[in-house]
Amino acid sequence: MARYRFPAFNTSSTPRYIVLWDLQWQVIDCQHLEPAADLSGAMAAAIDRLAGDGWEAEGSTEYGFVFIRRGNDRRLLSLTERDPHDTRSQSFDPFRGK
């Protein structure tokens, strides 16, 4: 039986973003990744960069995100296909435009 692999790190034909959020969903840092970028490598590089500043990952990035901690501060590092600075609605609204 084949093992299921979560698609977060699949090669994509669209841009991706590595976003560092605070716990109130405010963007602290955002890195734009070109289509077909090495997403796993980019995520590992972001964690290494943060580790150099004293941050420690609380788990693995298997699902495209990881919480990081430094002292009492906690943040979320995530890989997403949506530009975090895009202000358009993120949900479907069947009544929009009526």
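Since this is a predicted model, take the numbers as computed values, not measurements.
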Partner of Ile18 by side-chain contact (heavy atoms from CB on, under 4.5 Å), out of Thr80, Ile47, Leu39, Leu33: Leu33
Identify the heavy atoms of Cys30 and His85 that sit nearest to each other, and give their distance. CB-NE2, 4.0 Å
Yes or no on side chain to side chain contact (heavy atoms under 4.5 Å, CB included) for Thr61 and Leu77, after CA distance, side-chain angles and deciding distance? CA-CA 9 Å; Thr61 61; Leu77 185 67; 6.0 Å; no
Could you give the distance from CE (Met43) to CD (Glu62), rounded to the nearest 0.5 Å? 12.0 Å
Which heavy-atom pair separates Arg70 from Gly54 by the least distance, and what is that distance? CG-O, 3.5 Å
What verdict does the side chain to side chain contact (heavy atoms under 4.5 Å, CB included) test give for Ile28 and Trp21, after you've listed the backbone C-alpha separation in whole Å, the side-chain angles of each residue and the deciding distance to 0.1 Å? CA-CA 5 Å; Ile28 296 170; Trp21 308 89; over 6 Å; no
Partners meeting side-chain contact (heavy atoms from CB on, under 4.5 Å) with Asp73 (sequence neighbours left out): Trp55
Between Ala57 and Val66, the two heavy atoms sitting closest are CB-CG2, 4.0 Å
Write out all pairs satisfying salt bridge (Lys or Arg N to Asp or Glu O under 4.0 Å) with one or both partners inside residues 11-38, taking only residues at least two apart or from two chains. Arg16-Glu81, Asp29-Arg49
With Arg69, which residues qualify under salt bridge (charged side-chain N to carboxylate O under 4.0 Å, His left out), at least two apart? Glu58
For a quick test of reading the model, state the closest non-hydrogen atom pair linking Pro84 to Val27 and the distance between them. CB-CG2, 3.8 Å
